[in-house]
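Shown next, in structure tokens, is the structure this report addresses.
Quick note on labels: first sequence line is chain A, next is B, and so on, each numbered from 1.
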Amino acid sequence: MIALFTDFGLNGPYTGQMKAVLQRLAPGVPVVDLFADAPSRDPRRAAYLLAAYGAWFPAGSVLLAVVDPGVGGARAPLVIEADGRFYVGPDNGLFELVRRRARSARVMEVTWRPEALSASFHGRDLFAPVAALLARGESLEAEPRPEDFGRRPDWPDDLAEIVYIDHYGNALTGMRAAVLAADAVLVAGGRPIPPARTFSAVPPGAAFWYENSNGLAEIAVNLGRADRALGLEIGCRVEVDK
Amino acid sequence: MIALFTDFGLNGPYTGQMKAVLQRLAPGVPVVDLFADAPSRDPRRAAYLLAAYGAWFPAGSVLLAVVDPGVGGARAPLVIEADGRFYVGPDNGLFELVRRRARSARVMEVTWRPEALSASFHGRDLFAPVAALLARGESLEAEPRPEDFGRRPDWPDDLAEIVYIDHYGNALTGMRAAVLAADAVLVAGGRPIPPARTFSAVPPGAAFWYENSNGLAEIAVNLGRADRALGLEIGCRVEVDK
Amino acid sequence: MIALFTDFGLNGPYTGQMKAVLQRLAPGVPVVDLFADAPSRDPRRAAYLLAAYGAWFPAGSVLLAVVDPGVGGARAPLVIEADGRFYVGPDNGLFELVRRRARSARVMEVTWRPEALSASFHGRDLFAPVAALLARGESLEAEPRPEDFGRRPDWPDDLAEIVYIDHYGNALTGMRAAVLAADAVLVAGGRPIPPARTFSAVPPGAAFWYENSNGLAEIAVNLGRADRALGLEIGCRVEVDK
């Protein structure tokens, strides 16, 4: 299976053209949209989201991850093999947390180039063909790189910020719930936010945080929108008050 | 075929993870997105939409329907077999109109539980595996329930409200056109809205209602947006003036 | 492969129902979403987008293209065979630029009608079944039409307007970059916009135009949104200052 993690949007031509390439080069391999609205042009915040959601996929899956503001510039195309999953995308920190949390990870720089490579759409022209090859189990023109290649040692293990606002207005933090005390109170948008196990455990309109279904600490409002109620957006700081 | 009817949105991780489960457990079964933007957290209004659009699918189809504000709480997971179609989702009224309009309907409460069940994402962890099983024609751990289990007898047969605003700004009511007189005038947003057969039958900018392609009375403005022109949103009352 | 080019949106019921028809009538044929947000009800501007993006697909592909404000009225359903690709949709100018730029093009008016044809959703009831038939290589009830049938000779070869705003806020013009001088300066939103090869070639916040990955001249702002920074929307005029 190939899962797409991008900031391309679904409506426009980008996701569709990438899928057309995948269908042509890896016919019959299922393709699912994981995120098409990862933090736009923001590989750092996207990295925390990708690490949390990529790990949900079974070994053998290919995560085609393109948040690539430097497209056309000098950053290398990478394949990371982490705990049996393959991650394909640009070397801009997007895979930092995947690599840091993996029990084992291998890094390869893709040296293959397509005959026609646009300056602005490597997702379609370069990364999708590589993902198709990996999904078919074929060999790849790539060079192994050392473990510290392209690392971002200064990025924290968990990011105390909002990294995503979902369709309901829930605000996902870049922090794994497992690193927080079960009774930790978060502070965001100037308001203390206590924990709860589930939506129906709090009154309508009440804000709470909980461990979401992929292990991140997520801020929500029962039957409301946390983003509007608390004034949250991607990049807002979250404090942990224990 | 499995059709998805949810309030999850397409962009985020929810629809994609549900599809990944379906691909894994029912490989080769086509999955289509019917609605990913059903009335958010609003099973009552969603129920009128589901009844109108679910009936369009051929017998044997599986409708995976998740509008589930009570996720993690006590509501039961249901399978409804109605006129040969299977509906899977939470017991919160979402299937009331499907059941009421079916020539024959069978109700089962799903007793199977997955090994890992998150508190907030039963769409992925519980309902999708059940839908996959049904699509493959396999047997299910479920208990039959009486015909009146979970019914909402107080809900009307047709809902005189806006239940959906589409991509063009057209406003779908919860009323079947067949229950209205062909020359009925609707009143919404304080304005009388006469019937027309099609967009090109009225002048640009004119508001009208028509029987949409799934049998609902729908309010539109030729070459305009009815939602903005008439100030309509989900939940607005519609009156029928004959 | 069938590629969808519509103004239907992805979330609502329209794209999903069309895909359900395609799955039923052409099982196993891959379907990709090229545009679901083509210029709404605007076949003229959509025509420039379709010509640029349709040509990217290999011969044998079917482009199911429905931007159809006149649905239910008198316009004919067409199949255009252009350079080995099949385009299916309404006769309202949507295929003008595809036809004009093709080395060879054949025009057929579809005379087949489905048993049940709604007044408002020919995408599902008429065009999708025709696309499925074409994708399966089956014969079609259709009449050849002369080369000048439904042409729009008064439309320009390249449209000096914004025809699409993408997910990043980039503004696509209806002009092929190949018809512009490499050092042409565009003027849009009252501002001169110089060319650049790629995003990383200009400072953050700077506006530039470039040849996008499908050959159109596109206006962008590095790490910003051109639509907001320059006040651009679909229909805005673009001047070429050489």
* Asked: Looking at B/P58, B/S200, B/A220, B/S213, which one has more heavy-atom pairs under 4.5 Å with chain C than the rest?
  -> B/S213

* Just give me the residue among B/N212, B/L4, B/T15, B/N214 that pairs up with chain C most often, heavy atom to heavy atom, under 4.5 Å. => B/N214

* To do: State whether the number of non-hydrogen atoms from other residues, nucleotides or ligands found under 6.0 Å of C/R113 atom CZ is greater than 12.
  =>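 Yes, the 6.0 Å shell around CZ holds more than 12 heavy atoms from other groups.
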
* To do: Find the distance between CZ (B/R225) and CZ (C/R41) and round it off to the nearest 0.5 Å.
  => 7.5 Å

* Asked: How far does CG of C/D68 sit from CZ of B/F199, to the nearest 0.5 angstrom?
  -> 10.5 Å

* C/F8, part contacting chain B, at a heavy-atom distance under 4.5 Å -> both

* **Contact origin within C/D125 toward chain B - heavy atom pairs under 4.5 Å** => neither

* Asked: Any donor-acceptor pair under 3.5 Å linking the side chain of B/T198 with the backbone of C/V71?
  ->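 Yes.
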
Do [X] and [Y] make a side-chain contact, defined as non-hydrogen atoms from C-beta onward lying under 4.5 Å apart?
| X | Y | value |
| --- | --- | --- |
| C/L10 | B/H167 | no |
| B/Y164 | C/P13 | yes |
| C/D7 | B/Y168 | yes |

* Asked: Do any of residues 23-36 of chain C come closer than 4.5 Å to chain B, heavy atom to heavy atom, and if so which ones, in number order?
  -> C/Q23, C/R24, C/A36

* Do any pairs count as a ring-ring contact (aromatic ring centres under 6.0 Å, His included) and have a residue in residues 144-163 of chain C, sequence neighbours left out, and if so which ones? ->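 Matches after skipping sequence neighbours: none remain.
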
